[in-house]
Undergrad: 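Mind looking over this structure? Questions follow.
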4 protein chains.
Amino acid sequence: MSATNGAATRSPRDPEARRRALVRAAAELILESGDLTHRQVAARAKVPLGSTTYYFSSLGDLRAAALEQLADEINDELAVIAQQVAEADGDPRVLAGLLHAYLSNTDQVRADAALYSNAAQDPALRHLALRWFDGFVQMASAWTDPVTAHNIGVYIDGVTLHATLADEPLDLTTLTRGLTALLRPRDEEA
Amino acid sequence: MSATNGAATRSPRDPEARRRALVRAAAELILESGDLTHRQVAARAKVPLGSTTYYFSSLGDLRAAALEQLADEINDELAVIAQQVAEADGDPRVLAGLLHAYLSNTDQVRADAALYSNAAQDPALRHLALRWFDGFVQMASAWTDPVTAHNIGVYIDGVTLHATLADEPLDLTTLTRGLTALLRPRDEEA
Amino acid sequence: MSATNGAATRSPRDPEARRRALVRAAAELILESGDLTHRQVAARAKVPLGSTTYYFSSLGDLRAAALEQLADEINDELAVIAQQVAEADGDPRVLAGLLHAYLSNTDQVRADAALYSNAAQDPALRHLALRWFDGFVQMASAWTDPVTAHNIGVYIDGVTLHATLADEPLDLTTLTRGLTALLRPRDEEA
Amino acid sequence: MSATNGAATRSPRDPEARRRALVRAAAELILESGDLTHRQVAARAKVPLGSTTYYFSSLGDLRAAALEQLADEINDELAVIAQQVAEADGDPRVLAGLLHAYLSNTDQVRADAALYSNAAQDPALRHLALRWFDGFVQMASAWTDPVTAHNIGVYIDGVTLHATLADEPLDLTTLTRGLTALLRPRDEEA
DNA sequence: TATGAATGAGTCTTCATTCAT
DNA sequence: GATGAATGAAGACTCATTCAT
């Protein structure tokens, strides 16, 4: 008489699936409205209200988990980009193109904005917003020096921030010029 | 519906001062905690609760006024920097130094963070976070081309964002290198 | 240098005009929304907020004055009808026609509804809702006996109430039949 | 935003009973004062303030539920009357007597008044005030024609309204005469 | 283990009324 | 006489969190 659930079914007896559903729902709500309440999350995840506090001892925990998930996704996305840039041996035009495409994706930009915004208001979340940066600097060391890697990272942060504030991301030409300049070897220096 | 007013003494009759006090209190609270409630503002400004809604028809209005004030202050600060850079004919080392000093000021950084954060969550506030950018690009056109001006602006946004997330701002050396690279004239292009 | 206001201008120095403007504004608001606040009345009447309490010592007074005005207007309207019926020597078809026309006027019905509604909630206002009734009974005594007059009045109240609750007033045929029946002389009785 | 809950004892676990208690309390308050606030209802029903919004998502919902209950009770009462009249084969004297008794009950009249009053101010509630009417017309079709049924219904509405406005209901004689007239068969017609 | 009923602290907001000017 | 600033009481409503079941 008991249902034999396929693994895909999110059944009441699959704690991990519930947890994931809650995190996913919370992440979606953060992206959509920025607000987060137990009730909203429960409704979105189609899970009883009590589950939200059963699986996460406070709403802050749930928010942190959701943001961590967003940070992971962002990280993955940027890792792919960094990988492709590495394959192009650090060609700034390749980076510019990939970055422009990335920033043309509204959802991505919203995720970045949510991360920045929450991190700015809660120091405990700041490491999440920096995660991609550290990863990027490391990966970039394959094709440039650390200082330049930091500067490129900072520039990318700036471009991303800009995309969250302006209606459109920085145009490809400007982007290409900026990255090219940052990557060009210094001839000599004073 | 009722109003049994004890004949308490009324406060000074200086509407403008009250308004300013409210905005100032709200700005401080935004910097300190990010949260904003009528009660907190009233307590901080030492005015009765009712005053907060008498002067600002909604909490959103009050927040907007406070953020506008912060944006103005940031704007002024950056205008001074831009002015000094203009006097140095766009010397990136000068800009780097001033920027580094600016970002070493915790309060400034917090103000920037608050602005970004609020703007990210409320589109109606985004123009405030972009205000300094537009002003900067305009002023920078005195000593560089528009594309470079945009790139410097974006880079500054990135550095600022970084300062709000990391414990310390980008070090002066890296900053100088980045700005120098962005400002160096392009030799030739493909 | 002082403006010589024509009598038509509602100038600050015409207390009676102000009073009337306030009452009129209040009546309009009662008809439109049922709610009444000092601020709304002042804004509608284009009069300073302070005037509302200067001319009426409480909001209840102002509401009462507004309802009295509505009651007067209703009274006038119905007096005209009663007059015409009297001229037709109490012909129920005439009364039915006039009544139907009266109840087809949305504003009239709203005024009646406001009066009933306020009277039901505040006994001090009940006499206003009965004012037309007393007048009607008196006028009707010209063409019918008192008992019938009362019954007609009650019936009219019912029809009016019905108009305030239903989407459309009672149809003319039904109305005519009802009034005719009520007015028909009793043949004999048990 | 916070919730330092003293570990007070929770109340009985009987949702339905709570719901009923709230509706009952709200109905009583409507009858007594016409005003309705969460606080008043909670106090009257002896439940915590939070319960009022837990069970009814808005005060309007609660008011509607209370009025629906009143409408039901009125309906029941009038159905009994209609039933008795039907048994008397539509004898107007029977109807008059029952109606007079009904309207001599202050509570009944107050319930009617509350229903009319609220319906007049909120169109969404109008169907409640019309409920008895529709039921009455239907039941009356057993002993009279539809037009007459409507007219009797309207007349009853008028008498009821009158009772809510005047100190005393219409006297039995007048009532009997009115109903008799409305029910008397028409001899001939034009 | 899981859940939904329960609740009180706290939120924004409205507003009649008062009164200094 | 007029007026608009002032204010506190109160309103509807939200919600994290607790806990009996």
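Chain A is the first sequence line, chain B the second, and so forth, proteins listed ahead of strands; every chain is numbered from 1. Quantities reported herein were computed from a predicted structural model and do not represent experimental measurements.
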Undergrad: Regarding S58(C), tell me which of base, sugar-phosphate or nothing describes its non-hydrogen contacts under 4.0 Å with the strands shown.
TA: sugar-phosphate
Undergrad: At a heavy-atom distance below 4.0 Å, what parts of residues 36-45 of chain B sit against DNA chain E?
TA: L36(B), T37(B), H38(B), R39(B)
Undergrad: Reckon T53(A) has a side-chain N or O less than 4.0 Å from the OP1 or OP2 of dT17(F)?
TA: no
Undergrad: Just how far is it from atom CG of L125(C) to atom OH of Y116(C), taken to the nearest 0.5 Å?
TA: 14.5 Å
Undergrad: Picking from dA2(F), dA5(F), dG4(E), which would you name as closest to the side chain of L49(A)?
TA: dG4(E)
Undergrad: Which donor-acceptor pairs under 3.5 Å do the side chains of residues 19-31 of chain A make with protein atoms, sequence neighbours left out?
TA:
unit_1, atom_1, unit_2, atom_2, d
R19(A), NH1, Y55(A), O, 3.2
R24(A), NH2, E73(A), OE2, 2.7
E28(A), OE1, R44(A), NH1, 2.5

Undergrad: Using side chain to side chain contact (heavy atoms under 4.5 Å, CB included), reason through D72(B) and E68(B) one step at a time and then give a plain yes or no.
TA: CA-CA 6 Å; D72(B) 283 343; E68(B) 178 143 27; 4.1 Å; yes
Undergrad: Separation of D14(D) atom CG from dG4(E) atom C1', in whole Å?
TA: 14 Å
Undergrad: Between R126(A) (side chain only) and L165(B) (backbone N and O only), is there a donor and an acceptor less than 3.5 Å apart?
TA: yes
Undergrad: Can you tell me how far P of dT7(E) sits from CG of L22(D), to the nearest Å?
TA: 11 Å
Undergrad: Out of curiosity, L62(B) CG to L67(B) CG, how far, rounded to the nearest 0.5 Å?
TA: 9.5 Å
Undergrad: Side-chain N or O of R18(B) versus OP1/OP2 of dG4(F): is the shortest distance under 4.0 Å?
TA: no
Undergrad: Whole-Å distance between dC13(F) P and F56(D) CZ?
TA: 13 Å
Undergrad: Rounded to whole angstrom units, what separation is found between the CG atom of D35(D) and the C1' atom of dA9(F)?
TA: 15 Å
Undergrad: Let me know the distance between CD of E16(A) and P of dA2(E), rounded to the nearest Å.
TA: 11 Å
Undergrad: Without decimals, in angstroms, what is the distance between L29(C) CG and dC15(E) C1'?
TA: 15 Å
Undergrad: Is it true that a side-chain atom of N118(D) and a backbone atom of A114(D) form a donor plus acceptor pair closer than 3.5 Å?
TA: yes
Undergrad: I would like to know whether R39(B) and T52(B) meet side chain to side chain contact (heavy atoms under 4.5 Å, CB included); could you show each step before the answer?
TA: CA-CA 8 Å; R39(B) 281 162 173 72; T52(B) 58; over 6 Å; no
Undergrad: So, OP1 or OP2 of dA2(F): does either fall under 4.0 Å of a side-chain N or O from Y55(C)?
TA: yes
Undergrad: Measure from CZ on R19(D) to P on dG4(E) and round the result to the nearest Å.
TA: 16 Å
Undergrad: Which comes earlier along DNA chain E counting from the 5' end, the contact point of Y54(A) or that of P48(A), where each point is its nearest nucleotide?
TA: Y54(A)
Undergrad: Want to know the stems of DNA chain E: at least 3 consecutive Watson-Crick or G-U pairs with distances under 3.5 Å, which are they?
TA: E:2-21 with F:2-21
Undergrad: Quick one: does S58(B)'s side chain have a donor or acceptor within less than 3.5 Å of a partner on D61(B)'s backbone?
TA: yes
Undergrad: Looking at every non-hydrogen atom in both residues, tell me the closest pair between V47(B) and S51(B) and how far apart they are.
TA: CG2-CB, 4.0 Å
Undergrad: dA2(E) phosphate, OP1 or OP2: any side-chain N/O from S51(A) under 4.0 angstrom?
TA: no
